[in-house]
Structure formats: C-alpha cells, structure tokens
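In what follows, a structure is listed as structure tokens, so that the remarks can point back to it.
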Protein chains: 2
Amino acid sequence: MNKQRLTSTLNKAKQVCLEHGRKFTVQRKQILQILLTTDVPLSAYELASCYKLRTSSSVSVMSVYRILSFLESVNLVRRLNSANKYIAYGTDSEVFKREISLFLICRHCQKVETLAVSQSDVAKLFPHFADVGFTSQTKQFEMMGVCSECQAKLA
Amino acid sequence: MNKQRLTSTLNKAKQVCLEHGRKFTVQRKQILQILLTTDVPLSAYELASCYKLRTSSSVSVMSVYRILSFLESVNLVRRLNSANKYIAYGTDSEVFKREISLFLICRHCQKVETLAVSQSDVAKLFPHFADVGFTSQTKQFEMMGVCSECQAKLA
DNA sequence: TTTAGTACGTTATAATGTATCAATTGTGCT
DNA sequence: AGCACAATTGATACATTATAACGTACTAAA
C-alpha cells in the first residue's frame, strides 16, 4: 500500500471510528498502520514488537488485543483463524464493505490474497447447505495453499 | 454413534493404522473412541481430562497432541481451526474419504454438522479463484452459526 | 461538578501448543 | 531367549496465544 492510499485509508478509518462514537487514538492508528503496511498477517505479540521498533514508544500486549478487537468490531481488521494472526484492509475493500471474504493464505510467503464472495455464491457452493437448516453467521473462509508467485519460484 | 458402529469403526481404524505401518495403541484407541462418542469437538486438554475420567489411567497432554496429529495424518481426526478443537469420523465418512468437507459449527450447542463438497463446487463457489493462480491445499471449510435445533429452541 | 463511559495500564492467569531428551514398548532378527 | 532397532510415550520445561480482574486517566454529558 503506497503512502497516499495509506493516508487516505487512515483518514477514512478515523471517520469510521467517529461514526461508531469511538475514538481513533494514537495507539489504534499505529496498530492499524502497521497492519496496513505489512504484507503478511501479524500476531498480537508481533504487533507489540513492531510497535516498539517503529514508534520508540510501546504498547502492552493486553492493549494490542483490546485494540484488535475494537478494530475488528468496526470491520477494519480481520482475524485469520488458521494462523491466529491479524490483517487489515483499506476502507475501500470488500472486507470493509462487510461482504463475505475468501482469504487465500500462502504457506510459503505467508501473503494473503483476498477475494469477495457473495451470499448466493456460498449457496451455490454448498448445495446441501439449506437442507440442514443451518443459519450461517460466517463472514470469511480461509484456504491454505501456494500463491502463484511462490509456485513460479518453486518450479 | 451406536456401540456396533463404534466397534466397527475402531476395527477399521486399526486397519488404517496398520496400512500406514503404524500402530493402533491403547492410547490412540482411547482418544479416538472418546472423540467418536462425544458429539462436540474437544480440545487436547479436554481429551486428557476425559481420558483420566473414563479409563482410570491417564495420558500426558503432550501425548494427546502427538496422538491427535498422528490420527490427523491418517485422516481419522480433523482439527477445527475456529475452535482449536478436534473431531473424529467413522471410516465410512466423507471426511475419511479425503473429500473436501464443510463443517457447520453451532455457536449454541457446539455440535458440528459435516457436509461433503466437491472440488468443482469449490471452483463454482469462487469464480475469481482461478484468476489469481492460487493452488489450494485446503480440505475443509468452517462456518459458525446456529443449527436448526437451536433455532427452534430459541424461537 | 458529579457521573458515566471509553481507553489504557498493570498484573495475574488460563488456554493452547512445541521442544527436548530419557524411558519404555514392541517387533523382527539371530 | 537375547539383542538391535524403531516407534511410542513420559516428563519437564518452555513458548505462544488469549482473557480476567482491577485500577487510573481522560472526556463529555447531565
């Protein structure tokens, strides 16, 4: 993410927080910025380390968790269940728009590609889904594999 | 799972282990049996507790992890990433047959419904999937939600 | 100015998972 | 039977991930 988009995204993120009647504090901004400028998901502890390295200040891991759950609650951050790590999105991304997301996670370089999936696609995908009367609340799917770049390198 | 199916499944499980040149030890059998006779997923620590309760013997958590990864490697057990818990299947299940599975996990009763999904269904589901050149190694998807029974109860 | 809510600090603890090395068990071989 | 070997397990320590509980500071509204 380039500098201009980053600034724009951070500004929009602030708006989002204010719309929720919440604050966009320095720590929240820093954590979000770290996630936005890193191309791999980070754990809460990795975020705390990064924070120290980048800002000459520091933040407790406890606070990182609180900040992450706040950012998740306003849809600026997602947690990857298969990695126990966190990832952020621009406010123009499908993720932010609350659509269902498909995360393609590369086992080699750890990078994550994000695709949008519609409700109807999910229904198509799982033909027997409706039969069992299950009401889904899932907003994301995760797939592990190898990205195109790493495939090329490995070939 | 009734007693007869349980016995049959455990016998087949033994065959599976032998075919892999591995043993079906007492501990592995007990752990598998606990998982097969429980209708909710269990964590490694819960399994160690159950083991103690059921067998008057005990097993270290370390061993439980080893046993679980062994059972996973021969496709008798699956780990649910969204819960950090484990679940077992009969050797007649789609899971065991190494198809792609969709796990529907109920937030209220914790029960898991398992559906089989074909590769082509996955391809249909994610239309842009091929575009990015990602090679998937994923054999399962997980959805959180509310099962039909719990919906009825809550209504 | 009191009060309520939000945010963060601090400490402790729970829950989950891995590394390492020694001891044991079982199996095949002689 | 006795031995060698690999697989399995025990035991301990440690690492990682996450939540609980409680206190303090700040802000904004009543």
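Sequence lines set the chain letters: A, B, ... in the order given, protein chains first and strands last, and positions in each chain run from 1. Computed over heavy atoms, backbone and side chain alike; hydrogens, waters and symmetry mates excluded.
Remark: A/Arg22 is in phosphate contact with C/dA7, judged by side-chain N or O atoms under 4.0 Å from OP1 or OP2. Between B/Ser63 and D/dG10, a side-chain N or O to OP1/OP2 separation shorter than 4.0 Å is present.
A donor and an acceptor atom never sit less than 3.5 Å apart when one is taken from the side chain of B/Arg79 and the other from the base of C/dG17.
Atoms CE (A/Met62) and P (D/dT19) sit 8 Å apart, rounded to a whole Å. As rounded to whole Å, 14 Å separates atom C1' of D/dT17 from atom CG of B/Asn81. In this structure, B/Ile67 places its CD1 atom 10 Å from P of D/dT8, rounding to the nearest Å. Atom OH of A/Tyr65 is separated from atom C1' of D/dT16 by 8 Å (rounded to the nearest Å). Taking atom CG of A/Leu68 as the reference point, atom P of C/dC8 lies 12 Å away to the nearest angstrom.
Between A/Tyr89 and A/Phe103, the two ring planes are parallel [angle under 30°; tilted spans 30° to 60°].
Out of C/dT16, C/dA7, C/dT27, the shortest distance to the side chain of A/Lys23 is found at C/dA7. Among D/dT17, C/dT16, C/dA7, the nucleotide with an atom closest to any side-chain atom of A/Tyr45 is D/dT17.
Heavy atoms of A/Arg66 sit under 4.0 angstrom from at least one base atom. Across all strands, B/Thr25 comes closer than 4.0 Å only to sugar-phosphate atoms, never to a base (heavy-atom distances). Heavy atoms of A/Tyr86 sit under 4.0 angstrom from primed sugar atoms or phosphate atoms, though from no base atom.
Using modelled atom types, one side-chain atom of A/Gln140 and one backbone atom of A/Arg79 make a donor-acceptor pair closer than 3.5 Å.
Contact check for A/Thr138 versus B/Phe141: no side-chain heavy atoms found under the 4.5 Å cut-off.
Projected onto DNA chain C by closest heavy-atom contact, A/Val59 and A/Asn84 fall at different nucleotides, the more 5' of which corresponds to A/Val59.
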